[in-house]
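Worksheet for the structure shown next.
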Amino acid sequence: MEKITRPLSTGSLRLPSTDVRVNPIVRFNYFSNPTPSSSAPEFQMPKKPLNLFANALKRKDSFIQFFAMTGILLLSFRSLGQKYRIHDLQEDTTALKQEQETLIDRMNNIKRSLLHEASLDSTGLFASRLRLLFSEED
(Lines give C-alpha, C1' and ligand atoms only; values in the text may rest on other atoms or scores of the structure.)
Protein backbone atom coordinates (compact mmCIF):
# COMPACT_ATOMS: atom_id res chain seq x y z
CA MET A 1 0.00 0.00 0.00
CA GLU A 2 1.47 3.36 -1.03
CA LYS A 3 0.89 6.84 0.30
CA ILE A 4 -0.95 9.37 -1.81
CA THR A 5 1.47 12.23 -2.39
CA ARG A 6 -0.98 14.51 -4.16
CA PRO A 7 -4.69 14.52 -4.96
CA LEU A 8 -5.78 12.44 -7.93
CA SER A 9 -8.38 15.04 -8.95
CA THR A 10 -7.35 18.60 -9.66
CA GLY A 11 -9.37 21.79 -9.59
CA SER A 12 -8.81 25.35 -10.66
CA LEU A 13 -8.65 28.85 -9.26
CA ARG A 14 -9.43 31.87 -11.42
CA LEU A 15 -9.41 35.60 -10.61
CA PRO A 16 -12.25 37.26 -12.55
CA SER A 17 -11.02 40.79 -11.82
CA THR A 18 -8.05 42.70 -10.45
CA ASP A 19 -10.35 44.26 -7.86
CA VAL A 20 -9.57 42.82 -4.40
CA ARG A 21 -13.24 43.03 -3.38
CA VAL A 22 -14.31 40.50 -6.01
CA ASN A 23 -14.19 36.89 -4.84
CA PRO A 24 -12.09 34.40 -6.82
CA ILE A 25 -13.78 31.58 -8.73
CA VAL A 26 -12.80 28.23 -7.23
CA ARG A 27 -13.63 24.92 -8.86
CA PHE A 28 -12.66 22.02 -6.61
CA ASN A 29 -13.44 19.07 -8.95
CA TYR A 30 -13.65 16.53 -6.19
CA PHE A 31 -13.67 12.98 -7.55
CA SER A 32 -13.17 14.16 -11.14
CA ASN A 33 -10.72 11.31 -11.76
CA PRO A 34 -13.06 8.32 -12.25
CA THR A 35 -10.38 5.65 -12.58
CA PRO A 36 -8.53 4.66 -9.47
CA SER A 37 -4.80 5.04 -9.70
CA SER A 38 -2.40 2.29 -8.80
CA SER A 39 -1.19 4.52 -5.97
CA ALA A 40 -4.69 4.96 -4.57
CA PRO A 41 -5.20 3.07 -1.31
CA GLU A 42 -7.74 0.29 -1.31
CA PHE A 43 -10.30 -0.09 1.42
CA GLN A 44 -10.28 -3.48 3.09
CA MET A 45 -12.90 -4.68 5.51
CA PRO A 46 -11.40 -5.95 8.75
CA LYS A 47 -11.47 -9.69 9.15
CA LYS A 48 -13.04 -9.47 12.57
CA PRO A 49 -14.62 -6.43 14.18
CA LEU A 50 -12.57 -4.73 16.87
CA ASN A 51 -14.45 -3.95 20.01
CA LEU A 52 -13.77 -0.97 22.21
CA PHE A 53 -11.74 -2.89 24.77
CA ALA A 54 -9.43 -4.42 22.16
CA ASN A 55 -8.98 -1.04 20.52
CA ALA A 56 -8.20 0.53 23.88
CA LEU A 57 -5.56 -2.13 24.56
CA LYS A 58 -3.96 -1.49 21.17
CA ARG A 59 -3.84 2.27 21.62
CA LYS A 60 -3.51 2.42 25.35
CA ASP A 61 -1.51 5.68 25.44
CA SER A 62 -3.99 7.50 23.21
CA PHE A 63 -6.94 6.38 25.33
CA ILE A 64 -5.21 7.42 28.54
CA GLN A 65 -4.38 10.80 27.04
CA PHE A 66 -7.97 11.20 25.78
CA PHE A 67 -9.49 10.42 29.18
CA ALA A 68 -6.96 12.64 30.97
CA MET A 69 -7.76 15.56 28.68
CA THR A 70 -11.49 14.96 29.13
CA GLY A 71 -11.01 15.01 32.90
CA ILE A 72 -9.01 18.22 32.71
CA LEU A 73 -11.70 19.80 30.55
CA LEU A 74 -14.43 18.82 33.02
CA LEU A 75 -12.40 20.17 35.94
CA SER A 76 -11.90 23.42 34.04
CA PHE A 77 -15.66 23.75 33.53
CA ARG A 78 -16.24 22.98 37.19
CA SER A 79 -13.71 25.57 38.39
CA LEU A 80 -15.16 28.14 35.99
CA GLY A 81 -18.61 27.49 37.45
CA GLN A 82 -17.24 27.82 40.98
CA LYS A 83 -15.56 31.09 40.03
CA TYR A 84 -18.91 32.54 38.93
CA ARG A 85 -20.61 31.14 42.05
CA ILE A 86 -17.98 32.82 44.23
CA HIS A 87 -18.52 36.09 42.36
CA ASP A 88 -22.28 35.80 42.94
CA LEU A 89 -21.71 35.05 46.64
CA GLN A 90 -19.50 38.12 46.97
CA GLU A 91 -22.24 40.27 45.43
CA ASP A 92 -24.81 38.71 47.78
CA THR A 93 -22.53 39.33 50.78
CA THR A 94 -22.12 42.98 49.80
CA ALA A 95 -25.89 43.40 49.41
CA LEU A 96 -26.51 41.76 52.80
CA LYS A 97 -23.97 44.04 54.51
CA GLN A 98 -25.67 47.09 53.03
CA GLU A 99 -29.05 45.82 54.18
CA GLN A 100 -27.65 45.17 57.66
CA GLU A 101 -26.30 48.73 57.85
CA THR A 102 -29.67 50.09 56.76
CA LEU A 103 -31.48 48.05 59.42
CA ILE A 104 -29.04 49.15 62.13
CA ASP A 105 -29.64 52.79 61.15
CA ARG A 106 -33.42 52.27 61.28
CA MET A 107 -33.17 50.61 64.71
CA ASN A 108 -31.03 53.46 66.05
CA ASN A 109 -33.52 56.03 64.73
CA ILE A 110 -36.42 54.18 66.39
CA LYS A 111 -34.44 53.94 69.62
CA ARG A 112 -33.60 57.66 69.54
CA SER A 113 -37.22 58.65 68.91
CA LEU A 114 -38.48 56.39 71.72
CA LEU A 115 -35.92 57.81 74.14
CA HIS A 116 -36.91 61.34 73.09
CA GLU A 117 -40.59 60.54 73.75
CA ALA A 118 -39.62 59.03 77.10
CA SER A 119 -37.74 62.18 78.09
CA LEU A 120 -40.94 64.15 77.56
CA ASP A 121 -42.82 61.91 80.04
CA SER A 122 -43.01 63.68 83.40
CA THR A 123 -43.26 60.50 85.52
CA GLY A 124 -40.05 58.92 84.16
CA LEU A 125 -41.62 55.47 84.20
CA PHE A 126 -41.48 55.12 80.41
CA ALA A 127 -37.82 56.25 80.34
CA SER A 128 -36.80 53.74 83.02
CA ARG A 129 -38.51 50.92 81.13
CA LEU A 130 -36.74 51.91 77.90
CA ARG A 131 -33.37 52.08 79.67
CA LEU A 132 -33.93 48.53 80.95
CA LEU A 133 -34.95 47.44 77.46
CA PHE A 134 -31.97 49.05 75.73
CA SER A 135 -29.56 48.37 78.64
CA GLU A 136 -28.41 51.96 78.72
CA GLU A 137 -27.80 54.50 81.41
CA ASP A 138 -28.70 58.02 80.26
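Here, residue 1 is the first one in the sequence, and each next residue gets the next number.
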List the atom pairs, donor and acceptor, that lie under 3.5 Å between side-chain atoms in residues 101-108 and the rest of the protein, sequence neighbours left out.
| from | atom 1 | to | atom 2 | distance (Å) |
| --- | --- | --- | --- | --- |
| T102 | OG1 | Q98 | O | 2.9 |
| N108 | ND2 | I104 | O | 3.4 |

Separation of S119 OG from L130 CG (nearest 0.5 Å):
10.0 Å
Return all side-chain donor-acceptor pairs below 3.5 angstrom for residues 73-80, not counting sequence neighbours, or 'none' if the list is empty.
| from | atom 1 | to | atom 2 | distance (Å) |
| --- | --- | --- | --- | --- |
| S76 | OG | I72 | O | 2.9 |
| S79 | OG | L75 | O | 3.3 |
| S79 | OG | S76 | O | 3.0 |

Can you confirm whether Q100 is buried at CD, in the sense that more than 12 heavy atoms of other residues, nucleotides or ligands lie under 6.0 Å from that atom?
no
If you group Ile, Leu, Val, Met, Phe, Trp and Tyr by side-chain heavy-atom gaps below 4.5 Å, do V26 and L15 land in one group?
no
Looking only at non-hydrogen atoms, find the nearest pair between P24 and P16 and report the distance.
CA-CD, 4.0 Å
Rounded to the nearest 0.5 Å, the CD atom of Q65 sits from the OG1 atom of T70 at a distance of 10.0 Å
For A127 and A118 the tightest heavy-atom approach is CA-CB, 3.5 Å
Here the gap from S128 atom OG to L133 atom CG, rounded to the nearest 0.5 Å, amounts to 11.0 Å
How long is the span from the CG atom in L115 to the CG atom in L120, to the nearest 0.5 Å?
11.0 Å
Rounded distance [0.5 Å steps], OG1 in T93 versus CD1 in I86
11.0 Å
For the CD atom on E99, are there more than 12 heavy atoms of other groups (residues, nucleotides or ligands in this structure) within a distance under 6.0 Å?
no
